[in-house]
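Note on naming: letters A, B, ... go to the chains in the order of the sequence lines (proteins, then strands), and numbering restarts at 1 for each one.
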2 protein chains.
Amino acid sequence: MGHSKAQKTRTHKRIVSIASKRFREKGLAGFGIAELMKEAGLTVGGFYKHFDSRDDLVTEAVSSAFGGWKRRVDAAKTGEPSVSLAQLIDDYLSEAHRDHPGTGCAFSALAPEIARCDKSTRAVTSEQVRNDIQLIAGLLLGKDKRTARSKAILTFSALVGAMALARAVSDQALSREILNAVAELLKDSGLEHQ
Amino acid sequence: MGHSKAQKTRTHKRIVSIASKRFREKGLAGFGIAELMKEAGLTVGGFYKHFDSRDDLVTEAVSSAFGGWKRRVDAAKTGEPSVSLAQLIDDYLSEAHRDHPGTGCAFSALAPEIARCDKSTRAVTSEQVRNDIQLIAGLLLGKDKRTARSKAILTFSALVGAMALARAVSDQALSREILNAVAELLKDSGLEHQ
DNA sequence: ATTATCTATAGATCTATAGATAATGC
DNA sequence: ATTATCTATAGATCTATAGATAATGC
């Protein structure tokens with residue numbers, strides 16, 4: 001009990017990190033505060049010294065989930081001068097990503113639920129959608145800016161939709177077919193203009 | 001009270017119809033059985049003579065939601081020999097569809113939540129994904145079957161992803177940009193091979 | 001003195017069931 | 001006699017708060 005300010009900051013980050021993962025796995029209504037705090041090694045009473053409300057946690061955790069995907073792309077980038085669009089597409093539409101939503105893209109795991117959230121969560125989401133569009137547009141070489149931006153939006157939409165569908169179906173062959181078909185066509189359409 | 005078998009069938013359909021709409025609007029955890037039954041003009045106690053469990057209702061209501069979209073396409077079809085892909089794309093990516101999820105496509109409103117449902121709901125979903133892919137493939141004229149199928153999967157994924165993103169962002173200009181960019185590119189790519 | 005966390009609980013849900021009531025349908 | 005619906009409620013949640021405890025930090 002008690003504990004320092006530095007400790008509180010670490011605790012806060014731990015709570016957000018766990019929530020961010022579990023929200024992507026179980027949905028925004030998938031667990032309660034008591035369960036979350038228990039996983040963080042704490043009890044329910046401490047929660048409201050960290051967050052004004054459960055919605056406040058949702059905003060922070062969704063924001064943190066977006067950061068996770070960005071870090072993954074950034075990390076890949078540091079290895080080489082620039083990550084290729086093909087690499088990003090193959091990584092996104094992998095079975096590993098499909099089977100581990102907790103560490104994956106927050107859009108394919110949560111977009112419709114975010115659409116029902118309060119303004120602050122949706123504002124954070126707008127900002128991240130803009131970032132991701134620019135990130136992908138930057139990987140579409142040899143196009144004028146307008147074309148690259150439109151194509152980036154299509155690519156991003158197809159990635160998010162394909163992953164959501166691949167996870168929703170129970171037929172594993174169909175799930176793989178969706179991932180592969182979209183990956184191949186997006187990579188082709190990216191190359192055809194380079 | 002009491003009531004006939006025919007009356008019960010109508011009541012059952014009314015419950016499923018309301019649930020189907022509200023699930024798309026509020027999510028699969030967005031309301032309780034008491035609230036649902038009240039909107040149907042009934043009380044909570046009668047629910048379990050219609051459904052074994054809440055999950056049972058989810059399966060039926062999700063299935064019914066898929067039917068709604070299909071009927072809309074079928075209705076458009078009866079007007080002319082065949083609906084064009086461009087019409088379907090414009091209809092799907094309209095602001096009207098974005099702003100009325102309750103009567104719209106169940107995938108863009110619920111796919112990630114369906115991914116967390118039981119097998120029966122996901123089996124119904126698999127079947128509907130197959131139907132929608134074939135529907136779109138049939139509208140992609142002048143292609144060999146394999147190509148049409150792949151392109152249909154990409155188109156379907158992009159529609160679902162674009163709508164989910166357009167609803168999730170709070171920035172209305174960005175939301176419109178997503179709908180318009182994806183619609184234009186999908187229509188272009190559909191035509192370019194005809 | 002302040003505060004990060006704990007225990008305990010209020011008050012509002014939610015799913016599911018039990019038993020009563022009033023209609024259908026043999 | 002059967003059954004579709006109702007009222008009432010058990011039992012299990014869930015969010016949020018109150019007050020106690022034990023540490024930090026002036």
Please pick, from D/dG25, D/dA4, C/dT24, the nucleotide with the shortest atom-to-atom distance to any side-chain atom of A/S4.
D/dG25
Can you classify the ring geometry of B/Y92 versus B/H97 as parallel (below 30°), tilted (30 to 60°) or perpendicular (above 60°)?
perpendicular
Under-4.0 Å salt bridge between A/K38 and A/E35
no
Quick check for you: among D/dC6, D/dT15, C/dA4, whose closest atom lies nearest to any side-chain atom of B/L42?
D/dC6
Please check if any side-chain donor atom of A/Q128 sits under 3.5 Å from a side-chain acceptor atom of A/D132, or the reverse.
yes
Minimum-distance nucleotide to A/H50 side chain [options: C/dT15, D/dC14, C/dT5]
C/dT5
Kindly say if B/K49 contacts the phosphate of D/dA4, meaning a side-chain N or O under 4.0 Å from OP1 or OP2.
no
Provide, to the nearest angstrom, the distance between the NE2 atom belonging to B/H12 and the P atom belonging to D/dA4.
12 Å
Aromatic plane relationship, B/F107 with B/F156 - under 30° parallel, 30 to 60° tilted, over 60° perpendicular
perpendicular
Between D/dT15 (C1') and A/D52 (CG): distance, integer Å:
14 Å
Whole-Å distance separating the CZ atom of B/R10 from the C1' atom of D/dT3:
16 Å
Regarding the side chain of B/T43, the nearest nucleotide among D/dC6, D/dT15, C/dC6 is D/dC6
On DNA chain C, check which nucleotide each of B/F47 and B/A6 is closest to and give me the residue with the more 5' one.
B/F47
With a 4.5 Å cut-off on side-chain heavy atoms, are B/R98 and B/L179 touching?
yes
Nucleotide nearest A/I33 when distance is taken to its side chain, options C/dT15, C/dA4, D/dT15
D/dT15
Heavy atoms only, 4.0 Å cut-off, all strands: where does A/G32 land among base, sugar-phosphate and nothing?
sugar-phosphate
Taking the minimum atom-to-atom distance to the side chain of B/Y48, which one of C/dT5, C/dT17, D/dA16 wins?
C/dT17
Rounded to whole angstroms, how far apart are NZ on B/K5 and P on C/dG25?
8 Å
Can you identify which nucleotide, out of D/dA16, D/dG25, D/dA8, has its nearest atom closest to the B/V44 side chain?
D/dA8
With no hydrogens and no angle check, just 3.5 Å: does a side-chain donor-acceptor pair link B/R24 and B/S20?
yes
Any strand counts, and the cut-off is 3.5 Å on both contacts for Watson-Crick or G-U wobble. Which nucleotide pairs with C/dA23?
D/dT2
Respond yes when some side-chain nitrogen or oxygen of B/S53 is under 4.0 Å from OP1 or OP2 of C/dT15, and no when none is.
no
CE of B/M37 versus P of D/dT5: gap in Å, rounded?
7 Å
Atom-to-atom span, CG of A/D55 to C1' of D/dC14 - whole angstrom
14 Å
Among C/dT15, C/dT5, D/dC14, which is the nearest nucleotide to the side chain of B/R54?
C/dT15
Output the rounded distance in Å from NZ (B/K8) to P (D/dT2).
16 Å
To the nearest Å, give me how far apart CZ (B/F51) and P (D/dA4) are.
13 Å
Please name the nucleotide paired to C/dT13 by Watson-Crick or G-U wobble geometry with both distances under 3.5 Å, or report none.
D/dA12
